[in-house]
Trainee: 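Dropping a structure here in structure tokens format, bear with me for questions.
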Amino acid sequence: MNVLRVSKLTIAAFVLPCLLLYVCLVFVPILVSFYSGLLDWNGIGESKFIGLDNFKNLLFNDPVFWPSVKRTLMFALFSMAEIPVALFVAMMLNRYVKKPNFLVSSYFLPVILSVVIVGQLWKTIYNPASMGGMLNQVLETLGLQSWTHSWLTEPKVAMIALYFVALWQYLGYHTLIQFTGIQNIPADVYEAAKIDGAEGFKADWHITFPLNIPIFKISIVLAFIGSLQAFDMIMVMTGGGPAHATDVISTHMYNMSFLSMKYGYGSAIAAFLVILCLVATVLINFVFTRLERKFT
Amino acid sequence: MATMKNVFKLAMAGTLAVSLSACGSGASNNNSNAGSSTAKPDASAAATPAAQEKKENVTITFQNIYVDPTDPKTGVLKKIVADYEAKNPNIKIELDSLNTDQQKLKLKTQAASKEVPDITIVNPAAQMKPFVDAGLLAPLNDMVEQNGLKGTFQDGLLDFYTFDKNLYALPDGNNIGVVYYNKELFEKGGVQVPKTFEEMVDVVKTLKSKGIQPMAIGEKDTWTGSFLFMNILLRTNGPGFLQQVVDGKKTFNDPAFVDAVSSFEDLVQAGAFQEGATSFDYNAGENLFKTGKAAMYYMGSWATGGIETSSVSSKVGVFKFPTVKGKGNPDEFMLAPGSGFAVSANSKHLKETKDFLNYFMLNYPKEAFAVKAAVGVGQKVDGDYKAAGYSDTAIEISNLFKEVKGGDLSFDNTMNPGTSQGHLTSIQNLFVQKKDPAEVAKEHQTAYDTNKK
């Protein structure tokens with residue numbers, strides 16, 4: 001630090017404005033939101049302080065809430081399970097493709113599409129065959145009539161169909177992150193391994209995987225947070241329906257705050273979501289600290 | 001993170017709205033200043049009495065939901081505003097045009113900080129009640145008496161915007177629920193316009209067996225199915241079921257309600273609606289009918305304009321929703337009083353705003369008629385539709401209006417928002433699952449019990 005010949009005061013002077021802005025725009029609203037969660041309020045008129053009643057109802061009396069938490073967590077699990085696949089793809093690209101940049105960017109393409117477009121695209125793919133749904137038409141052509149579904153409207157399959165869209169959209173994203181991580185591993189490490197007789201998957205297991213763990217962690221955290229944000233795609237494709245079958249925490253929060261006009265209750269859900277995010281981040285950090293220690 | 005983002009968005013929307021309106025009024029004041037000090041048009045100078053010229057400049061914010069430039073009503077709005085500004089050079093009307101969903105969200109954000117624009121849009125009855133209860137809207141009783149404005153509205157329409165004898169909004173429309181049908185597809189299927197609900201179910205079965213899609217619906221938007229369901233309930237119970245529930249005279253377990261659910265399920269189970277209906281939004285559902293892919297479409301009469309400009313326009317007919325199990329009166333309709341213009345109680349220019357709205361509503365029917373958009377206007381319209389070049393469907397609908405003998409409002413216009421959401425979900429579920437009607441009734445009662453206050 002002594003290269004920076006500036007006083008701590010100067011540093012503070014430069015950091016403070018940004019920090020203040022951050023506190024005002026991020027922390028204050030979170031606190032306000034926690035407070036709103038203690039109110040019986042429709043968002044417009046008079047509010048009434050009711051203590052923890054909203055939270056009590058949320059945790060014990062809301063038939064929609066826990067299933068929506070389960071779906072959100074499943075969403076997170078699915079998107080985390082995607083990351084090893086992304087790592088595998090990145091490894092293959094790194095090893096067997098001479099000029100991988102083009103392939104990487106084509107995998108990345110879905111990420112830059114607007115979620116609304118992705119939603120509309122997959123809606124036409126998932127439509128029933130009679131309405132021109134591509135997936136069902138393909139299944140019928142292959143003689144697999146019994147496999148066809150009304151993907152987005154059957155309560156049992158709708159959520160799985162949505163998980164899949166998210167996987168499709170973000171595979172390229174994680175592949176890119178992993179690919180960059182792999183490329184940053186110095187080539188001489190592999191050469192040294194080769195001399196010691198480790199090649200191919202053996203080298204991957206002992207070199208690529210451990211050296212890529214920090215990158216792995218970034219992907220996992222991003223995937224987890226991203227899947228808690230899955231609001232927009234679900235809103236476009238099913239709106240949480242049919243009959244709550246695809247509701248996640250964020251859509252439930254939106255419905256309660258803005259459609260049922262229970263702003264206080266919606267804020268309680270929001271508070272829960274913040275806590276969930278914090279817990280998950282701490283947990284992921286804990287697991288990865290141990291992993292890193294074990295492998296290095 | 002998602003929450004942070006949402007909270008952040010809300011906060012930003014709030015500040016944005018405030019800062020926008022602040023900037024807007026500043027800038028437009030300058031504009032009108034410049035206008036009045038430099039070149040004033042002779043005509044308006046002559047029309048304005050000398051005393052008025054010294055009036056301070058006023059900017060009125062007019063939030064509205066006329067965004068579609070192809071909709072003739074957007075032109076009507078702009079024309080009346082321009083006329084008024086020409087007659088009152090010291091007044092500037094600033095339009096804040098948003099689509100319906102955005103407007104609803106923006107207004108709620110503004111209302112939370114008591115920054116309601118001078119004129120805004122609210123939905124009738126139960127949906128505007130929270131705004132009235134919070135004291136955000138100004139009563140318009142004295143204003144509708146001016147220039148005979150009150151008399152231009154259809155009888156009883158203003159009741160939906162009146163609370164404790166105070167009128168809080170003026171509606172731009174009044175619509176009824178009707179069944180549109182495609183004559184060509186009916187002929188191809190060899191079926192007649194059904195006189196009873198049971199015939200309607202048979203028509204559905206016949207059309208289905210001949211490979212014709214019987215009905216279209218955009219049930220992702222949930223209110224669409226509810227609107228049709230409520231018409232069935234209107235037949236099995238007669239008008240006012242929800243009010244009877246609120247008054248404690250009936251519960252959702254009432255036989256009339258259970259009957260309506262089972263009849264509705266008959267229609268769904270007969271295969272009336274397209275596959276995957278719950279993933280079709282309002283526009284996608286309507287498009288099936290407008291492109292000739294479905295034989296029937298139940299919707300509010302506001303759909304007429306869109307159907308008229310579609311490819312099936314010449315083949316479309318309309319019929320009243322039939323009786324159910326011999327019960328009900330087809331002249332009782334699902335009524336859909338339009339969104340209303342309301343004035344902010346905290347408006348800085350309350351008097352000018354009311355004057356403008358008075359002028360706006362007085363001229364509205366005339367201007368709407370001139371651009372063939374008068375079907376479904378909430379005020380009395382003078383003029384010969386046929387001579388003015390309206391289509392047969394439009395004339396058919398405007399004739400139906402004359403036969404209206406009361407009816408019901410949609411569920412979410414009558415009930416509190418919490419119960420409404422429960423109801424909408426419960427009805428949407430019937431599109432994908434067959435359920436015991438008694439069970440559905442119980443779901444409704446539970447939703448009502450947990451949400452009433």
Side-chain angles (χ1 to χ4, degrees), chain A residues 24-30 32-33 41-46 57 61 64 123 126-131 133 150-155 158 225-226 228-231 237-245 249-250 253-263 265 267 269-274 277, chain B residues 1-12 101 104-105 107-112 114 127 129-136 213 219-222 274-281 284 288 293 412 416-422 424-433 435 446 450-451 453:
Chain A
C24 289
L25 290 178
V26 178
F27 281 97
V28 173
I30 289 181
V32 171
S33 179
W41 187 31
N42 65 8
I44 295 173
E46 294 298 307
N57 281 332
N61 297 329
V64 183
K123 254 174 93 172
Y126 280 145
N127 266 342
S130 56
M131 293 292 152
S150 179
W151 300 98
L152 290 176
T153 57
E154 285 173 34
I225 291 170
L228 293 176
Q229 283 182 331
F231 178 79
M237 293 185 68
T238 62
H244 297 306
I249 301 178
S250 53
M253 175 179 78
Y254 175 84
N255 286 338
M256 281 298 156
S257 319
F258 295 111
L259 301 180
S260 296
M261 292 187 76
K262 295 181 188 167
Y263 198 85
Y265 194 73
S267 299
I269 303 179
F272 179 87
L273 195 52
V274 170
C277 285
Chain B
M1 280 310 277
T3 10
M4 292 186 196
K5 241 187 150 174
N6 277 320
V7 173
F8 176 72
K9 268 188 208 157
L10 260 181
M12 283 312 284
D101 287 348
K104 273 189 181 172
L105 209 57
L107 178 62
K108 276 175 194 163
T109 320
Q110 288 171 324
K114 314 250 179 241
Q127 289 200 41
K129 194 163 181 293
F131 294 93
V132 174
D133 288 347
L136 293 167
Q213 177 57 46
E219 178 57 15
K220 184 177 170 232
D221 288 9
T222 61
Q274 79 269 20
E275 245 185 303
T278 56
S279 69
F280 282 71
D281 61 23
L288 285 180
K293 290 194 189 115
D412 55 349
N416 60 58
T419 310
S420 299
Q421 284 307 309
L424 292 172
T425 314
S426 184
I427 296 297
Q428 192 193 37
N429 196 15
L430 299 180
F431 281 82
V432 291
Q433 266 175 342
K435 279 193 93 172
T446 314
T450 50
N451 284 293
K453 274 182 198 152

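These numbers come from the heavy atoms of this one structure, side chains and all, not from hydrogens, waters or symmetry mates. To find a chain, count down the sequence lines: A is the first, B the second, and so on, and within it residues start at 1.
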Trainee: Got more than 12 heavy atoms from elsewhere within 6.0 Å of NZ, B:K293?
Mentor: no
Trainee: Kindly say whether B:G418 contributes a backbone atom to a donor-acceptor pair with the side chain of A:K262 at under 3.5 angstrom?
Mentor: no
Trainee: Among A:I249, A:N255, A:T153, A:N61, which residue forms the greatest number of heavy-atom pairs with chain B at distances under 4.5 Å?
Mentor: A:T153
Trainee: Which one of A:P242, A:S150, A:G239 has the most heavy-atom pairs closer than 4.5 Å to chain B?
Mentor: A:P242
Trainee: Mind listing the closest non-hydrogen atom pair of B:K435 and B:N429 along with its distance?
Mentor: CD-ND2, 3.6 Å
Trainee: Under a 4.5 Å heavy-atom cutoff, which of B:G422, B:G135, B:G276, B:A111 has the most pairs with chain A?
Mentor: B:G276
Trainee: Does CD belonging to B:Q433 count more than 12 external heavy atoms closer than 6.0 Å?
Mentor: yes
Trainee: Which atom pair, heavy atoms only, marks the closest approach of A:W151 to A:Y126?
Mentor: CD1-O, 3.3 Å
Trainee: Where does B:L136 contact chain A at under 4.5 Å (heavy atoms): side chain, backbone, both or neither?
Mentor: side chain
Trainee: Does any heavy atom of chain A fall under 4.5 Å from the side chain of B:K114, the backbone, both, or neither of them?
Mentor: side chain
Trainee: Chain A heavy atoms under 4.5 Å from B:K220: which part of the residue, side chain, backbone, both or neither?
Mentor: side chain
Trainee: On a heavy-atom basis, which atom in B:K108 and which in A:F258 lie closest, and how many Å separate them?
Mentor: NZ-O, 2.7 Å
Trainee: Heavy-atom pairs under 4.5 Å with chain B: which of A:I44, A:V32, A:V28 has the most?
Mentor: A:I44
Trainee: Kindly give the heavy-atom pair with the smallest separation between B:F431 and B:T278, and that separation in Å.
Mentor: CB-CG2, 3.8 Å
Trainee: Please state whether the side chain, the backbone, both or neither of A:M237 comes within less than 4.5 Å of a heavy atom of chain B.
Mentor: backbone
Trainee: Would a distance-only check, ignoring hydrogens and angles, find a side-chain to backbone donor-acceptor pair under 3.5 Å from B:T450 to B:T446?
Mentor: yes
Trainee: If you count heavy-atom pairs under 4.5 Å between each of B:P417, B:P130, B:S426, B:A134 and chain A, which one has the most?
Mentor: B:P417
Trainee: In terms of heavy-atom proximity below 4.5 Å to chain A, should B:S420 be classed as side chain, backbone, both, or neither?
Mentor: neither
Trainee: Is B:L288 close to chain A through its backbone or its side chain, or both, or neither, when contacts mean heavy atoms under 4.5 Å?
Mentor: side chain
